[in-house]
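One structure is given here, and the rest of the page talks about it.
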Amino acid sequence: MHVHDDAQLTFVVSGVVQVQTSEGRWFVPPQLAVWIPPNVMHTIEVLTDAELWLVHWQPTAISDWAPRSLPDRTFALHVTSLLGSLLNTAFADDTSAEKAELVVRLMLHELVEAPDAPTFLPLPSSPVGRRIAKVALGDPQNRLSAAETAFRAATSVRSMSRLFPTETGLTFKAWRQRARIMQAMERLAHDQPIAQVSSAAGFASTAAFSCAFRQVTGTTPSAFLGRPR
């Protein structure tokens with residue numbers, strides 16, 4: 001992971017990337033962007049051929065220009081029509097430095113957090129929670145029961161059930177389902193067929209996979225990446 005003194009907006013023009021911080025992982029398709037505040041340790045992994053636009057703000061610019069409502073944490077956001085226009089203007093070849101400054105100032109007022117972004121997988125903060133997450137992420141086909149998962153993480157189901165809502169905002173069952181779907185998203189991003197992805201994720205059928213995918217993301221696997229399948 002690396003850290004920058006400045007703040008950063010990662011906008012995916014095409015393709016898919018994954019952003020990770022100590023808080024969790026964001027799967028970022030073209031319809032989303034990710035805001036990273038100053039001094040946050042993070043990595044950006046390009047999962048497919050992608051075009052990224054990165055906008056940086058120095059800490060003094062954030063303190064002088066940002067609205068008070070801008071959260072001081074990493075979050076995903078939907079790219080509004082206005083934000084999309086501002087980004088296009090900022091990266092246009094004929095945009096003057098003076099105009100670009102006005103544009104990036106206004107951008108800060110369009111950075112509105114997407115509530116409970118379905119492409120975000122929060123990571124537990126405690127050592128026990130991290131052990132549980134590691135075991136679950138190593139079981140993408142969901143073959144381990146909750147009891148076996150807890151046993152392998154050297155804890156109890158009761159402790160696990162209390163810990164996940166506190167540290168991630170999700171029950172362990174909901175967290176594991178989201179983790180499976182996000183792992184499936186990565187496979188889809190690498191052009192694996194839906195039937196193959198469904199099998200790798202441990203679903204009995206593509207219909208069951210599509211249903212679970214919709215429950216987590218609000219859309220279908222094919223529509224999520226904007227590709228006919």
Side-chain angles (χ1 to χ4, degrees), residues 1-4 7-12 14-50 52-54 71-79 111 113-142 144 149 153 160 163-192 197 200-202 209 212-219 221 224-225:
M1 287 193 176
H2 52 269
V3 61
H4 298 291
Q8 176 179 297
L9 179 68
T10 300
F11 172 60
V12 182
S14 62
V16 182
V17 305
Q18 180 175 269
V19 176
Q20 181 166 349
T21 72
S22 61
E23 300 172 65
R25 302 174 183 174
W26 286 260
F27 189 90
V28 194
Q31 65 264 37
L32 291 180
V34 173
W35 166 256
I36 304 173
N39 301 311
V40 172
M41 191 78 69
H42 66 278
T43 59
I44 299 176
E45 180 183 0
V46 178
L47 300 179
T48 68
D49 289 339
L52 305 182
W53 290 355
L54 304 179
D72 186 25
R73 63 179 181 275
T74 305
F75 62 86
L77 60 143
H78 295 291
V79 178
L111 301 182
E113 182 175 6
D116 193 29
T119 61
F120 172 54
L121 182 68
L123 293 177
S125 55
S126 67
V128 173
R130 295 284 175 141
R131 289 201 305 270
I132 297 169
K134 183 177 181 180
V135 172
L137 289 171
D139 177 37
Q141 292 190 319
N142 199 29
L144 298 178
T149 300
M160 185 168 69
L163 183 149
F164 266 74
T166 300
E167 297 190 4
T168 72
L170 299 169
T171 64
F172 176 69
K173 182 178 179 180
W175 184 92
R176 182 156 67 171
Q177 184 78 314
R178 184 178 292 192
R180 292 173 72 200
I181 294 302
M182 285 190 64
Q183 288 174 316
M185 289 177 190
E186 183 172 349
R187 291 178 177 272
L188 290 172
H190 284 97
D191 288 324
Q192 293 186 17
V197 173
F209 170 61
F213 195 99
R214 182 183 287 276
Q215 288 177 342
V216 172
T217 68
T219 189
F224 184 80
L225 294 176

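Here the structure is a predicted model, which is why all the values come from computation and not from measurement.
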Checklist outcome for this item: Exactly one of Thr74, Leu77, Val17 clears side chain to side chain contact (heavy atoms under 4.5 Å, CB included) with Val34, and that residue is Thr74
Checklist entry - Less than 4.5 Å apart, any side-chain heavy atom of Val28 and any of Gln18? => result no
Checklist entry - Taking only residues two or more places apart in sequence or in another chain, which ones pass salt bridge (Lys or Arg N to Asp or Glu O under 4.0 Å) with Arg73? => result Glu113
Checklist entry - Looking only at heavy atoms, what is the nearest atom pair of Leu163 and Gly129, with distance? => result CD2-CA, 3.6 Å
Next on the checklist: Test of understanding: with side-chain contact (heavy atoms from CB on, under 4.5 Å), list the residues that count as partners of Leu123, not counting sequence neighbours.
Outcome noted: Gln20, Arg130, Trp175
Checklist entry - To the nearest 0.5 Å, how far apart are OG1 in Thr43 and CZ in Arg25? => result 9.0 Å
Checklist entry - Can you tell if the side chain of Leu32 reaches within under 4.5 Å of the side chain of Phe11, non-hydrogen atoms only? => result no
Item to check | Results of side-chain contact (heavy atoms from CB on, under 4.5 Å) for Ala174 - residues two or more places apart only | outcome: Leu170, Thr171
Next on the checklist: Using 0.5 Å steps for rounding, measure from the OG atom of Ser22 to the CE atom of Met41.
Outcome noted: 9.0 Å
Checklist entry - Okay, side chain of His42, backbone of Val40: is any donor-acceptor separation there less than 3.5 Å? => result yes
Checklist entry - If every non-hydrogen atom of Pro221 is compared with every non-hydrogen atom of Leu188, which pair is closest and at what distance? => result CB-CD1, 3.8 Å
Checklist outcome for this item: Interatomic distance, OG1@Thr149 vs CE@Met160, rounded to 0.5 Å, equals 5.5 Å
Next on the checklist: To the nearest 0.5 Å, what is the distance between OG on Ser14 and CG on Leu52?
Outcome noted: 8.0 Å
Next on the checklist: Holding to side chain to side chain donor-acceptor pair (under 3.5 Å), I want the full list of residues that pass it with Gln141, two or more places apart in sequence or in another chain.
Outcome noted: Arg143
Checklist entry - Got a second to check how far Met182's CE is from Trp26's CH2, nearest 0.5 Å? => result 9.5 Å
Item to check | Least distance between heavy atoms, Phe164 atom then Ala133 atom | outcome: CZ-N, 4.4 Å
Checklist entry - Do you know which two heavy atoms are closest between Leu9 and Ala33, and how far apart they sit? => result CD1-CB, 4.0 Å
Next on the checklist: Could you tell me if the side chain of Val19 sits less than 4.5 Å from the side chain of Ile36, heavy atoms only?
Outcome noted: yes
Checklist entry - Can you name the ring-ring contact (aromatic ring centres under 6.0 Å, His included) partners of Phe209, sequence neighbours left out? => result Phe203, Phe213
Checklist entry - Got Thr168 and Arg178 here, is their nearest side-chain heavy-atom distance under 4.5 Å? => result no
Next on the checklist: side chain to side chain contact (heavy atoms under 4.5 Å, CB included) for Thr219 and Arg214? Distances and angles first, verdict last.
Outcome noted: CA-CA 5 Å; Thr219 189; Arg214 182 183 287 276; 5.7 Å; no
Next on the checklist: Tell me the closest heavy-atom pair linking Pro29 and Phe27, and the distance in Å.
Outcome noted: CD-O, 3.2 Å
Checklist entry - Can you check whether Leu144's main-chain N or O pairs, donor with acceptor, with Asp139's side chain at less than 3.5 Å? => result yes
Item to check | From CD1 (Ile181) to CD (Glu186), nearest 0.5 Å | outcome: 13.5 Å
Next on the checklist: Ignoring hydrogens, what is the shortest heavy-atom contact between Ala189 and Thr48? Give both atom names and the distance.
Outcome noted: O-CG2, 2.5 Å
Next on the checklist: Assess, by modelled atom type and distance only, whether the side chains of Arg180 and Gln183 contain a donor and an acceptor separated by less than 3.5 Å.
Outcome noted: no
Checklist outcome for this item: side chain to side chain donor-acceptor pair (under 3.5 Å) filter on Gln8, not counting sequence neighbours, yields Thr10
